[in-house]
Number of protein chains: 2
Amino acid sequence: MTEARPSTETGEGRTPRASAPGGGAAPRYAPGRALRPSVKLLPEHARGHNRSLVLQTLYRGGRLSRADLARRTGLTRVTTSDLVAELLDDALVVEVGQREGSRPGKPATLLEVNRSGHQIIGLDLSERGVLRGAVLDLDGLVVARADAERGDAAGEQLLAAVVTLARRVAALATAPVLGVGVGTPGVVDPTGTVLSAPNLGWTGVALQSHLSLELGLPVVVANDANAAALAEHTFGGAESDLMLIRVGLGVGAGLLLGGSPLFGSRYAAGEIGHVVVGTDGGERCACGKRGCLETWLSEPRLTGELARIRTEGGSPEEAERRGDAVLREAGKRLGIALGPVVGALNLAEIVLSGPEELLAGPLLQSTADTVRARTMQTFSSELVLRTTDLGPDIVLRGAAALVLSGRLGVS
Amino acid sequence: MTEARPSTETGEGRTPRASAPGGGAAPRYAPGRALRPSVKLLPEHARGHNRSLVLQTLYRGGRLSRADLARRTGLTRVTTSDLVAELLDDALVVEVGQREGSRPGKPATLLEVNRSGHQIIGLDLSERGVLRGAVLDLDGLVVARADAERGDAAGEQLLAAVVTLARRVAALATAPVLGVGVGTPGVVDPTGTVLSAPNLGWTGVALQSHLSLELGLPVVVANDANAAALAEHTFGGAESDLMLIRVGLGVGAGLLLGGSPLFGSRYAAGEIGHVVVGTDGGERCACGKRGCLETWLSEPRLTGELARIRTEGGSPEEAERRGDAVLREAGKRLGIALGPVVGALNLAEIVLSGPEELLAGPLLQSTADTVRARTMQTFSSELVLRTTDLGPDIVLRGAAALVLSGRLGVS
DNA sequence: CATGTTTGTTAGTAAAGCGTACGAACATAT
DNA sequence: ATATGTTCGTACGCTTTACTAACAAACATG
């Protein structure tokens, strides 16, 4: 079931330049890691890049022949053919018959991404009280699920629970596992170490290397909001300059700029929950400040407020009116916070993810109105502001997108 | 004097894979353009990358031997030697004697970037009423200057004036010109076309290709604030997650994230002047909204306000007190606008550029205080907020940095 | 003076992509 | 039916790139 090796991953010190490892059917390339300008670039890296390029083209373009791929990528038919042979070998691509329609010349052999040849394991640690896991296919669709009660586990104990869940999910896979993606709350560095996640009781937990060692599989770890943003881009058809806002216990954001996730100087990009918004005070926040975005927008605060209104009586219409006012105010605050970000980044799209019944109505509308009223018209007229279509599985699917992106260079 | 060919630059269609063009001593590589995942990557591109890597290492590291470079880059001594030979050939690097000090082994031949082997032409179109030009060395220091009155030239006429100035500056160069960098206000796309610059009366002006054709030199064009941000990073020792705020006629910003400039989905990133800030009204802005950042922070508005206070009389202490209050309020507004951006991007550094007498005192202090009061402590405690050390030449030097980065891969 | 160290270069090898050329398989014109 | 042209996929040889191995030069030290 598991196919890839334990993956020391980073620090590949002395890479043997041989073509295929003895291990058999393992994918041969760890493609396109971020090309920091301070790293040497070998021809074999170029090959990995081109291999990803071919796969990516096929992933986006549907059924294509080798010649089509060559035309689209700019590579030669020869080279393309060679790369395709490798991908066929690794069971990432399959031939699906010949092209119909009568044209002159030899009929083209159509290729497609092998949707059933591999599966991906996704873990979502961002929900309160429960650890969620799933097996997903290469399209990011959930094939099987397994959850685990979190109880009040934290620290080491929680880490063990995550490993156990991952094993249970892995057992559900019906095809070789391409890798494990994890979306976790907190600050995560690029090596997959959770630097700080108060909700989980984690500080400096080397989640990626630990899981990878325990499972013998490649593992990719990222912040849940970043994962969700990637999901929105890969599976939700979102633009490549995207901000995803997650409303839950707190408020967090994931940013995709020019198609690649933003980490920030201390890997804490997207932590907007404790930004003060507006110049007119506001409630006191747990962090000590007054008027943090979370004091207006978090799920507990909103549901609490709505419940209070309902219990206070009054006509149903009156309650709805007051409830909408609360939601609109929350949306307005979000809009106020987003204004400068939209201006500074020239974002193309903002996506809200969280409890649909809270976000989808007056809140979203009010956010949109506020952003438009507070930024240059050029920006706001081209800005798309919407709620996600990916539903509650967004982080699981984002985890899958992490693996696709990290292992295959597909996004 | 000019050495490089007219530079069709983009769209290199059929690149002959021959090693050196007949033209003689021209640098052979146009290095490290942004590696979009949708572009094929050839071994020769890898070589360009490695060449840049060696040069960059030397640029940052001072005097190093070939063996040193090999150790730092991870490349072999052989490969490094080969790349260095090329760089020597192109007069980008020089040998500067042997290493002193008694160690065993053959003494090392020290190398250095050839500071005087090439020069760069920088143009700054962002100042009111004047076009500024300069010859700079590879360290970004101004060697010679030439300015031109702009008068009320705009559109075609202004474009011609820019070409004329560029020619005058080029005539001042005393070494082969590596390229021409231009910092211009407005929205600039990556091909160097000015999509929109109201101040200059330009819409869709293909500045890069026009200049390049006229001058027969490689040309790089960017927004002035982006250029300034790059200058701050390359010459000012700033971090690689940086936001530079330019206060002048309006307010603009340039962003450097992870060391590379951010363009935004419509290439309009950094346009924060017309973001509404605060929730308490404010003056009406030329753009029609109320409370735009520019209504608090622009140079005309601040100098006007200060002049008004001074003419209104009162004791000097009273005038100073009231002047400081104006500056503090402006700083506070900037801080309010920056809060969400700092939180969303986890910036490491914010640099202010503009009239020193306005920015350096209470304004800066107030901005810093406000940002700290309105963002998570983790962020603010690690955030550096300061005015630039590069002075009024920041855009010229940024233009030079553009050329260094675009032509040599050095930043 | 022998030995060890560091530097920089020479020679040979493996990988990657290109260009050319070729057979296979099809449509269409004669 | 045959000839011609087109498109697809592959085989062969070449160039570029960076690697390994080996070596001479130039120094310090016992």
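The shown structure was predicted, so the numbers you read here are calculated from the model rather than taken from an experiment. We use all heavy atoms of the structure for the numbers below, so side chains are in, but hydrogens, waters and symmetry mates are not.
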Contacting residues from residues 63-73 of chain A, given that a heavy atom lies under 4.0 angstrom of DNA chain C:
none
Looking at B/Asn50, I'd like to know whether one of its side-chain N or O atoms comes within less than 4.0 Å of OP1 or OP2 on D/dT17.
no
When rounded to the nearest 0.5 angstrom, what distance separates NE2 in A/His233 from OG in A/Ser240?
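Atom-to-atom, A/His233:NE2 and A/Ser240:OG are 5.5 Å apart.
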Nearest-nucleotide 5' precedence on DNA chain C, A/Thr80 against B/Arg77
B/Arg77
Tell me the interatomic distance from [X], atom [atom1], to [N], atom [atom2], rounded to whole angstroms.
| X | N | atom1 | atom2 | value |
| --- | --- | --- | --- | --- |
| A/Asp82 | D/dT10 | CG | P | 10 Å |
| B/Leu53 | D/dT17 | CG | C1' | 15 Å |
| A/Arg47 | C/dA16 | CZ | P | 5 Å |
| B/Leu42 | C/dA15 | CG | P | 19 Å |
| B/Leu75 | C/dG8 | CG | P | 15 Å |
| A/Arg99 | D/dT7 | CZ | P | 12 Å |
| B/Lys106 | D/dA24 | NZ | P | 13 Å |
| A/Arg51 | C/dG17 | CZ | C1' | 16 Å |

Do you know the tightest heavy-atom contact between A/Ala46 and B/Leu41?
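Smallest heavy-atom distance, with atoms named: CB-O, 3.7 Å.
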Electrostatic pair A/Asp82-A/Arg47, nearest N-O below 4.0 angstrom
yes
Pair A/Glu95 + A/Arg66: basic N to acidic O under 4.0 Å
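Salt bridge flag = yes for A/Arg66 with A/Glu95.
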Going by atom types alone, do [X] and [Y] pair a side-chain donor with an acceptor below 3.5 Å?
| X | Y | value |
| --- | --- | --- |
| B/Gln56 | B/Ser411 | no |
| A/Ser65 | A/Asp68 | yes |
| A/Gln208 | A/Thr193 | no |

Sort me out a list of protein N/O and nucleotides 11-14 of chain D N/O pairs below 3.5 Å, or just none if empty.
none

For a 4.5 angstrom cut-off between non-hydrogen side-chain atoms, does A/Leu92 reach A/Leu408?
yes
Is there a donor-acceptor pair under 3.5 Å between the side chain of B/Tyr59 and the backbone N or O of B/Val54?
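No; zero donor-acceptor contacts below 3.5 Å.
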